[in-house]
Every structure is written in C-alpha cells, then in structure tokens.
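Taking it in order: structure first as structure tokens, then the write-up.
Both backbone and side-chain heavy atoms feed into the values below; hydrogens, waters and symmetry mates do not. Order of appearance sets the numbers: ligands from 1, and atoms from 1 within every ligand.
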Amino acid sequence: MNKTVVQVSGVTRTFMVSQGFLRGKKPLHAVNGIDLAINQGDVVALVGESGCGKTTLAKMILGLLPPTSGTIKIDGQPIDQMKRLDIARNLQPIFQDPYSSLNPRKSIGSIITLPLKVQKDSNPETWRQRVEEMMEIVGLPARLYNNYPNQLSGGQRQRIAIARALINNPRIVICDEPTSALDVSVQSQILNLLQELRQKLGLTYLIISHNLAVVEHIATKVAVMYLGHIVEEAATETLFASPGHPYTQALLQSVLTPDPDLGIPDTHLGAAYPNPIDPPSGCTFHPRCQFAFETCRHDLPQLKQAKDRKIACHLSDNPNHRNSHK
Ligand code: SF4
C-alpha cells in the first residue's frame with residue numbers, strides 16, 4: 001500500500017448557532033468523529049448532500065479551519081504544528097467557481113505568479129518561464145499571459161485556477177466541486193486534465209463532489225458522508241457495483257435522473273434531510289431508511305471494517321432485518 005499522506009483521526013467540528021432572540025445558541029456538529037486516510041496517488045472522493053460536512057472537513061484539512069477535536073496530519077506531522085506556508089507548499093485547493101476565485105483586475109500571468117511570490121523560494125527571474133511552462137501543462141497558450149480572466153471562457157478560467165494551484169508543485173490537491181460551475185461540454189475536458197496531471201505530476205486528490213458521475217469517473221476511493229459522519233467507505237468500483245449502506249444505495253439510485261446539472265437529485269427517501277442542529281437519535285439516517293429497526297432508533301452505528309469496505313450500519317451485524325424487508 002502507498003504511504004499515507006493525510007491522516008484524519010477522530011476529527012470533529014462544532015459551530016454554535018444562534019437560535020434567535022432570547023433562545024441562545026445550540027451546537028451544530030458539522031463534522032462528527034471522522035477518521036480518513038488519504039494515500040499517495042489516491043483520488044479520494046467525499047460525497048453527500050449539501051450540509052453533510054464535506055466542505056467543512058476539506059477546510060480543516062487545508063488548515064483554514066481548526067478542528068474542535070481530533071488531529072489531522074500531513075506526512076505524520078500535525079497541521080496545527082505546521083506553518084501556514086508549509087501547509088500551502090504541500091496542499092492546494094481548486095475551488096468550484098473559476099469566476100469568483102480569480103481576481104478580475106489581475107492578468108493571468110500575475111494570478112499564476114502570485115503563489116511563487118508568496119513562497120519566496122525561487123529566483124524571480126525564473127518566474128515568467130515557470131508560469132508559461134505551467135500554462136502549457138494545463139493547456140493554456142502562453143500568449144494569454146497578459147490577458148484578463150474576463151477575456152476567457154469558463155473552462156480556460158478553471159485551467160488558470162489549476163495552474164495557480166500547481167505552480168509551487170504541491171503533492172495534494174483538494175478540489176471542491178471542480179466542474180460544477182462549468183458547461184457540461186467542458187466538464188469532461190477539465191476532468192481529463194485533472195487525470196492527466198495526476199499521472200504526470202504524481203498528484204494525490206481529495207475531490208468533493210455531489211456529482212456521482214464525476215466521482216465514478218475520477219475517484220479511486222469514495223467516502224459517503226451523512227450528517228457529519230462517514231457512513232460508507234470503499235474502493236470506487238466496489239461501491240458503485242454494490243453499495244452497502246442504505247443511504248449510498250439511495251444516492252446511486254437517484255443518479256438515474258437525466259439532468260447532470262442537478263447534482264445529487266431528490267433521493268426519493270421520503271423524509272427530508274434532517275436539521276443538523278437537531279439530528280435524529282441513534283442512526284441519524286433512520287427516519288429515511290426503509291430497513292430501520294428498533295436498534296437503529298437509539299444506537300449510533302460505528303464505522304467498522306467489513307470484508308471489502310468500511311460501513312456504519314446495524315444491518316452489517318443483523319442482515320436478517322434487510323431480508324425481512326425484501
Ligand atoms: Fe438504516 Fe439502521 Fe442501517 Fe441506519 S443503521 S442505515 S437506520 S438499517
């Protein structure tokens with residue numbers, strides 16, 4: 001097995017949310033006791049509905065948000081003991097929206113040069129050449145160096161964001177919905193570019209996506225999140241061929257809707273996604289689960305290693321309850 005480059009252990013993040021005048025604040029457990037290992041060369045996808053905690057987890061791995069408890073290590077070193085610049089040297093983000101993540105008043109050359117200036121560890125005389133080389137690697141002609149983002153298409157802008165993320169040779173890239181703001185015709189070009197760059201530059205990715213078609217195309221491992229917990233984690237092929245958790249099954253069934261722009265569509269689960277400030281008792285998925293039985297209403301299932309995956313569901317120990325619903 002490849003070396004673990006990011007290790008997330010028992011990480012929680014709680015926000016205190018105001019309940020209105022005179023009603024005080026209540027805790028919202030956005031991320032609730034997550035363990036996750038990302039190995040060198042992995043493409044790990046975090047999937048789940050909006051509000052499940054995937055972006056909060058990614059921000060903590062980037063060092064942009066401190067965990068309430070638990071540890072995150074990069075190459076065995078806790079990130080709370082690393083300098084901001086050292087984290088940035090190892091990990092870089094690519095955000096969802098290339099329209100808002102690029103400064104419209106800066107030229108493309110200066111946008112991609114900025115991380116080199118911040119890291120200050122190379123000769124400024126080499127910057128222009130490095131930026132032009134990186135532009136070529138991501139498929140942008142060097143002649144666009146002095147152009148501005150508003151002169152380019154959405155796909156080209158996302159290529160600028162990728163070039164900016166990669167200019168300091170990070171090993172790990174965190175992609176938050178990297179294609180969801182793009183036209184469908186451009187999405188596959190950007191995904192293919194990310195795949196090529198992974199091979200060429202030996203990158204490791206953490207992809208946050210609600211688009212399961214994207215995840216199946218690019219990920220090597222998938223972690224499914226629900227209300228701050230990972231409920232299933234498996235190799236992509238295994239998970240898509242035989243989803244084990246009832247929530248994963250519902251997500252995959254919902255992919256059959258025809259409009260890819262809808263992201264994770266209505267899961268046809270009946271009950272709405274619960275309020276994270278007031279989560280259900282026991283297994284937090286139980287109000288929406290067709291297999292729920294008495295234990296599910298009061299005991300929270302732990303994420304356990306099964307044969308070919310990790311899964312948090314009481315059915316793993318009580319398969320007869322699933323059979324009784326057939
Ligand atoms: Fe459904 Fe129970 Fe499994 Fe939760 S633990 S997913 S409620 S069967």
Side-chain angles (χ1 to χ4, degrees), residues 8 10-14 27-36 44-57 70 208-212 215-216 219 221-257 263-326:
V8 175
V11 163
T12 64
R13 175 70 207 196
T14 304
L28 184 159
H29 304 291
V31 169
N32 208 337
I34 296 262
D35 296 315
L36 182 70
V44 176
L46 281 178
V47 302
E49 289 164 279
S50 297
C52 71
K54 52 194 193 305
T55 297
T56 303
L57 179 59
I208 295 162
S209 184
H210 59 227
N211 186 331
L212 293 171
V215 169
E216 189 175 16
K221 180 166 101 171
V222 183
V224 180
M225 286 187 74
Y226 189 78
L227 271 183
H229 299 272
I230 291 178
V231 296
E232 184 165 8
E233 184 187 319
T236 306
E237 233 170 73
T238 306
L239 189 119
F240 277 81
S242 63
H245 194 282
Y247 179 57
T248 316
Q249 290 164 5
L251 286 183
L252 295 199
Q253 279 161 12
S254 68
V255 173
L256 299 174
T257 53
I264 283 184
D266 182 359
T267 47
H268 306 294
L269 287 166
Y273 195 75
N275 181 351
I277 295 181
D278 204 5
S281 59
C283 172
T284 54
F285 184 60
H286 86 253
R288 305 171 87 188
C289 180
Q290 59 171 318
F291 303 111
F293 53 102
E294 195 44 38
T295 310
C296 307
R297 292 178 235 290
H298 43 78
D299 287 357
L300 178 68
Q302 301 302 313
L303 190 69
K304 288 193 221 158
Q305 183 69 53
K307 198 167 55 136
D308 55 358
R309 70 194 70 210
K310 290 182 184 166
I311 188 161
C313 176
H314 294 306
L315 284 176
S316 310
D317 303 323
N318 304 272
N320 290 339
H321 284 279
R322 190 191 293 265
N323 298 336
S324 68
H325 285 78
K326 281 185 176 165

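Ion pairing between a basic and an acidic side chain is recognised when a charged N comes within 4.0 Å of a carboxylate O; K310 and D35 show no such pairing.
Near H245, the atoms of ligand 1 lying under 4.0 angstrom from a non-hydrogen atom of the residue are 6 (S).
Between N32 and the choices M225, R13, H229, the side chain to side chain contact (heavy atoms under 4.5 Å, CB included) rule is met once, by H229. When each of L239, V224, L36 is checked for a side chain to side chain contact (heavy atoms under 4.5 Å, CB included) with E233, only L36 meets the rule.
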* side-chain hydrogen bond (donor to acceptor under 3.5 Å, both in side chains) between R309 and S242, worked out -> CA-CA 11 Å; R309 70 194 70 210; S242 63; 3.0 Å; yes
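Around atom 2 (Fe) of ligand 1, the protein N, O or S atoms closer than 2.8 Å are C296 SG, listed by chain and residue number.
Using a distance-only test at 3.5 Å, with no hydrogens or angles considered, no donor-acceptor pair links the side chain of T14 to the main chain of L28.
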Please tabulate, for the side chains in residues 275-286, all donor-acceptor contacts under 3.5 angstrom to protein atoms that are two or more places apart in sequence or on a different chain.
residue: N275; atom: OD1; partner: I277; partner atom: N; Å: 2.9
residue: S281; atom: OG; partner: R297; partner atom: O; Å: 2.6
residue: H286; atom: ND1; partner: S281; partner atom: O; Å: 3.1
residue: H286; atom: ND1; partner: C283; partner atom: O; Å: 3.0

